[in-house]
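Note: hydrogens, waters and symmetry copies are ignored here, and every other heavy atom, side chains too, is used. Order of listing sets the numbers, starting from 1, for every ligand and every atom in it.
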Amino acid sequence: MNILVINCGSSSLKYQLIDSENEKVLARGLAERIGIDGSMLTHVPAGKDKVVIGKAMPDHSEAVRLVIDALVDKEHGVIGSLSEIGAVGHRVVHGGEKFDRAVLIDGSVIRDIEELSSLAPLHNPANLIGIRACAENMAGVKQAAVFDTAFHQTMPQKAYMYGLPFEYYEKYKVRRYGFHGTSHDYVSARAAELLGKTREKLKIIVCHLGNGASISAVCEGKCVDTSMGMTPLEGLIMGTRSGDLDPAILDFISEKEGLSASEMNTVLNKRSGVLGLSDGLSSDFRDLCDAADQGNELARLTLDTYCYRVAKYIGSYAMAMQGVDVIVFTAGIGENSFGVRERICSYLGWLGAVIDPEALKKRGEDVVVSKAESRVTVMIVPTNEELSIARQTLALL
Ligand code: ADP
C-alpha cells in the first residue's frame, strides 16, 4: 500500500509517497509560499529529474490538489490514479497529554488537536489545515495523526513538572512535553536493531541535532526525559533558538531594549541560538565549522558552547537512567558534522567511551563510532521521520 506522508506548515507542505511493502520513497516534494506570491511546488519522483512547478497556491487545498496532480502526472508521476494512495499520515506537532500514540483521524481527534492549539499556536493550526485539505481532496482515504510529543508521554511526573505554582499545571497544563518524538523513537529502535539487541534492555541517549535540536533518555524502550519543554524552545542551543536560559533575562533585556513580550519571543526563537551567539555569522553548522577552521574565534566559541550544552545533557541523562549503554547522533548536524561530534565526544571519556576517530568522520550512514573496548557504544543513525510516520499509519489500518 502507498502511504502519503504530510508535514504541513503555515505556508508550506512537505510530502513523501512511500510504498509500505518495500518502504521505498516513490516521490517526495515541497509546496512552498502557499498563500503568498510566487508559490511553487518542487516534486522529486524517484529515479527521475526533479520538476519545479510555479503555480498559484492560494490555500493548502490547492497545494494538495497540485501534489496529487504531480503524483499522477503522465510524465513525472509515480502512480496511475488517486486510488493508489491507501492512507495519509500527518505529522502533528502537539498531542498534549491526550495522545500517547498515533491515531486515525475523526471528528473528535480534530477537535482535540484544535483544543491543543493553545499549546502550539504556530504548529497545530497549520497541521489541521493540512488534514482538512487532504480530507477535501481525498474523500474516503483514511488519515492518521502522528504526534511529535507522543513518544515522550512515558516520562515520569518528576521529569515533566516545572518548579512553578502547581495551579498552572492544573489550569493550563504547563509542563514538559518534548518534541521530535517520532525521531527519538525511530532512532533508538533502529540503534538497538543495528546492535542486534532489544531496546527494552538498553539505556539509550538520542542526540537529535538538526536546526531544531533535542536530546532524550530512552530507558528500556521508554522515554524518561527529554530536553525540549512545553514548547520547542527549551534545552539545547539550536540554529536560531536560545534553549535553556535564566528566565529573569527576559525581563532584563525587554526593559533594556524596550521590547514587548512578543518581540522578546521573536528574539528567543529567531535571533538567538548559534546564529545569535556567533553575532549573526550563520545558523548553519557548515558555515560555523568552516569559519572556526579558518580561525574565527567567535565561531569556535559558538561551537564550543553548543557542544558543551549537549555534553552536559548527556551527563545528566546518564545520571537519570543510572547508566547509559548507547549514545546516538542523528539529524542534519548529528549525522553530518564531524566537528560537532568530535567536540561532544571529547567529553565522553569519563563514561568509558573510546572513540574510533576514523569512524567518527563518516557521514550520513548507520555506523558505530566507538571501539570494541568502549564501555558505551557511540553511533550515528540517520533519522527517518517520514518512514516512521508511514509505518505508524499502516499499523493503524
Ligand atoms: P531540521 O529538520 O530541524 O530543519 P535538519 O535535521 O535537516 O534540520 O538539519 C539541518 C542542519 O544540519 C543545517 O542547518 C546544518 O547546520 C546542518 N548540516 C547539514 N549538513 C551538514 C554538514 N555536512 N556539515 C555540518 N552541518 C550540516
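Each of the following atoms of ligand 1 lies closer than 4.0 Å to a heavy atom of G332: 5 (P), 6 (O), 9 (O), 12 (O), 17 (C), 18 (N), 19 (C), 27 (C). Here is the list of ligand 1 atoms found below 4.0 Å of a heavy atom in R363: 23 (N).
Assignment of E335 to the shell around ligand 1 is not supported, since no heavy atom sits closer than 4.0 Å. The shell of residues lying under 4.0 angstrom from ligand 1, judged by heavy atoms, includes G212.
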For M57 and L66, what are the C-alpha separation, side-chain angles and deciding distance, and is it a side chain to side chain contact (heavy atoms under 4.5 Å, CB included)? CA-CA 8 Å; M57 287 181 252; L66 283 186; 3.5 Å; yes
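The distance criterion of under 3.5 Å between nitrogen or oxygen atoms is not met by L209 with respect to ligand 1. For the pair S337 and ligand 1, the shortest N or O to N or O distance does not fall below 3.5 Å.
Below 30°, between 30° and 60°, or above 60°: for Y313 and Y317 the angle between ring planes is above 60°, a perpendicular geometry. The aromatic rings of F99 and F147 sit parallel to each other, their planes meeting at less than 30°, with 60° as the upper class boundary. Ring-plane geometry between H43 and Y15 is classed as parallel, the angle between the planes falling under 30 degrees on a 0 to 90 degree scale with a further cut at 60.
K173 forms a cation-pi arrangement with Y169, by the criterion of a distance under 6.0 Å to the ring centre and an angle within 45° of the ring axis.
Given atom 21 (C) of ligand 1, the protein heavy atom at minimum distance is N336 CB, 3.5 Å.
Note that the CG atom of L245 and the CD atom of E234 stand 9.5 Å from one another [nearest 0.5 Å].
Protein heavy atoms all stay at least 4.0 Å away from atom 2 (O) of ligand 1.
A donor-acceptor contact shorter than 3.5 Å links the side chain of N2 to the backbone of E84.
Nearest to atom 11 (C) of ligand 1 by heavy atom, out of V274, I333, L288, T330, is I333.
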